Number of protein chains: 2
Amino acid sequence: MTTPAGQRILDHASALFYTHGITAVGVAGIAEAAGVTKKTLYDQFGSKAALVTAYLQRRHDRWWADLQERLAAKPQVDTVFDSYLAHPQFDTDLGCGFQRAAAELPRDHPAFAVIQAHKQAVRDELTRLTGDPDRAEYLFLLLEGAVARRAVEGTTDALDRARELAAR
Amino acid sequence: MTTPAGQRILDHASALFYTHGITAVGVAGIAEAAGVTKKTLYDQFGSKAALVTAYLQRRHDRWWADLQERLAAKPQVDTVFDSYLAHPQFDTDLGCGFQRAAAELPRDHPAFAVIQAHKQAVRDELTRLTGDPDRAEYLFLLLEGAVARRAVEGTTDALDRARELAAR
DNA sequence: GTGCGTGTAAACCGATCGGTCTACCTGTGG
DNA sequence: CCACAGGTAGACCGATCGGTTTACACGCAC
């Protein structure tokens with residue numbers, strides 16, 4: 001669907017958005033990092049808002065694929081925590097990319113729906129794993145709290161602790 | 001300590017930073033909203049970074065004073081949850097202002113220390129209330145998860161649920 | 001009365017914002 | 001042979017960014 005240049009743009013945009021924040025990163029900087037002209041960027045994505053949406057959508061898709069792979073090998077609750085702890089395809093040390101994006105974007109931004117869908121999917125998966133919606137809600141609370149704390153404290157301590165708590 | 005104009009600047013800056021995000025709000029817009037010149041703003045605060053720091057510091061001070069008032073009347077854990085649910089002096093419906101700021105600011109921003117100090121103070125207060133550091137950590141996880149979810153979902157459902165869970 | 005602190009009004013700085021446009025080059029497929 | 005897609009290079013748009021500067025007006029305290 002996307003050209004090689006389009007891929008490179010999305011790669012660099014993703015890293016920059018996650019690290020420095022969406023508002024703080026300009027399209028010119030993304031184009032330069034990707035070794036591409038602004039025209040190419042706009043030919044491929046049309047607008048910054050669409051590029052942001054593509055960034056979050058792909059982040060979800062990749063994260064989700066990784067989760068399913070892990071769950072196939074180990075279908076347990078703490079596997080969900082594991083996939084938040086480290087991901088093979090992108091940075092996670094600043095916390096959850098979706099929480100970060102939600103803090104910056106207005107509610108009516110086209111990408112906001114992607115964020116909400118991602119969180120809903122995680123909650124649904126927890127419900128599926130436990131068979132108990134109430135327990136899934138509880139686990140999801142722990143998980144969100146742990147990744148939020150990672151963003152502020154810079155360590156995975158809370159995530160490790162939450163993983164233990166989830167195991168009861 | 002601050003002049004009336006300085007107060008008005010901080011008032012409007014706080015509302016704008018919280019609602020639209022720190023990076024997305026410019027000093028010119030703040031000055032205009034406060035009915036003040038940019039020069040006055042810079043005479044009072046010196047830089048945008050210092051204004052941001054003052055915003056978060058005052059938010060913490062006010063929130064903390066409110067919490068202590070509530071705790072004096074009702075020295076229980078769920079009082080901490082209550083003060084996150086609604087605050088008499090500023091908006092809370094987009095989630096925790098400190099989590100939002102942490103998502104936008106680089107780790108070396110002068111205001112980041114204020115954020116970390118705020119979260120540390122809350123955790124310490126929970127430890128004081130429960131007398132049990134482990135239980136305090138657990139409650140703090142629930143609390144952070146609940147306010148993070150408020151930012152994404154736009155409701156206080158998770159916060160209400162966490163309050164119940166905290167009560168056991 | 002004469003400073004000084006607090007403020008307004010507004011021009012100015014260089015840089016950057018998201019976004020558009022013209023001109024040109026190159027590889028591939030009909 | 002030629003058309004078209006995907007690119008580069010780079011100028012251009014109006015608006016805004018954080019921040020500084022000059023000039024002028026007010027009120028209060030010594």
Side-chain angles (χ1 to χ4, degrees), chain A residues 1-57 100-101 103-112 114, chain B residues 1-57 100-101 103-112 114:
Chain A
M1 198 67 199
T2 354
T3 70
Q7 286 294 331
R8 254 183 305 137
I9 293 167
L10 197 45
D11 287 343
H12 286 89
S14 298
L16 291 169
F17 283 154
Y18 179 77
T19 308
H20 304 291
I22 291 166
T23 318
V25 170
V27 287
I30 296 169
E32 196 193 350
V36 139
T37 17
K38 278 210 289 175
K39 182 174 179 296
T40 302
L41 189 153
Y42 276 93
D43 283 347
Q44 294 289 327
F45 296 96
S47 69
K48 186 185 179 179
L51 180 56
V52 170
T53 308
Y55 150 56
L56 289 172
Q57 186 62 58
R100 291 174 76 78
E104 286 200 75
L105 301 179
R107 284 234 149 78
D108 59 3
H109 192 287
F112 210 94
V114 179
Chain B
M1 198 68 195
T2 354
T3 69
Q7 286 294 331
R8 255 182 305 137
I9 293 168
L10 196 45
D11 288 343
H12 286 89
S14 298
L16 290 170
F17 283 153
Y18 179 76
T19 309
H20 304 291
I22 291 166
T23 318
V25 170
V27 288
I30 295 169
E32 195 192 350
V36 136
T37 341
K38 276 209 291 175
K39 181 174 179 299
T40 303
L41 190 153
Y42 276 93
D43 283 348
Q44 294 289 329
F45 295 96
S47 70
K48 187 186 179 179
L51 180 56
V52 170
T53 307
Y55 150 57
L56 289 173
Q57 186 62 58
R100 292 174 76 78
E104 287 200 74
L105 301 179
R107 283 233 150 81
D108 59 4
H109 191 287
F112 210 94
V114 179

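These numbers come from the heavy atoms of this one structure, side chains and all, not from hydrogens, waters or symmetry mates. In what follows, every chain begins at residue 1, and chains take the letters A, B, ... in the order their sequences are listed. Everything numeric here is computed off the predicted structure, so don't read it as measured data.
Both Ser47(B) and Arg8(A) lie near DNA chain D, and the one whose nearest nucleotide falls closer to the 5' end is Arg8(A).
Arg100(B) contributes no side-chain N or O that, together with a main-chain N or O of Gly21(B), makes up a donor-acceptor pair within less than 3.5 Å. Under a 3.5 Å cut-off, the side chain of Thr37(B) and the backbone N or O of Thr40(B) do not form any donor-acceptor pair.
Rounded to a whole Å, the NE2 atom of His20(A) is 14 Å from the P atom of dT16(C). Atom CG in Asp43(B) sits about 13 Å away from atom C1' in dT22(D), given to the nearest Å. As rounded to whole Å, 16 Å separates atom C1' of dA9(D) from atom CG of Leu41(A). Nucleotide dG6(D) holds its C1' atom 11 Å from the CD1 atom of Ile9(A), rounded to whole Å. Regarding Ile22(B), its CD1 atom lies at a distance of 16 Å from the C1' atom of dC17(D), rounded to whole Å. dG7(D) atom P lies 17 Å from atom OH of Tyr42(A), rounded to whole Å. Between Ile30(B) atom CD1 and dG19(D) atom C1' the separation is 13 Å, expressed in whole Å.
Nearest nucleotide to the side chain of Pro4(A), out of dG7(D), dG18(C), dC17(D): dG7(D). Picking from dT21(D), dG10(D), dC17(D) the nucleotide with the shortest atom distance to the side chain of Lys39(A) gives dG10(D). Here dG7(D) is the nucleotide among dG18(D), dG7(D), dA9(C) with the atom lying nearest to any side-chain atom of Thr40(A). You'll find that the side chain of Lys38(B) is closest to dT20(D), out of dT20(D), dG18(C), dG7(D). Side-chain proximity of Thr3(A) to the nucleotides dT6(C), dG6(D), dG10(D) is greatest for dG6(D). Of the candidate nucleotides dG18(D), dG10(D), dG18(C), dG18(C) has the atom nearest to the side chain of Lys48(A).
Checking the phosphate oxygens (OP1, OP2) of dT6(C), no side-chain nitrogen or oxygen of Gln44(B) falls inside 4.0 Å.
Closest of all the heavy-atom pairs between Val36(A) and Arg8(A) is CG2-NH1, 4.1 Å. Residues Leu105(B) and Phe112(B) come closest through the heavy atom pair O-CE1, 3.8 Å.
With hydrogens and angles left out, the side-chain atoms of Thr2(A) and Gln44(A) include no donor and acceptor closer than 3.5 Å.
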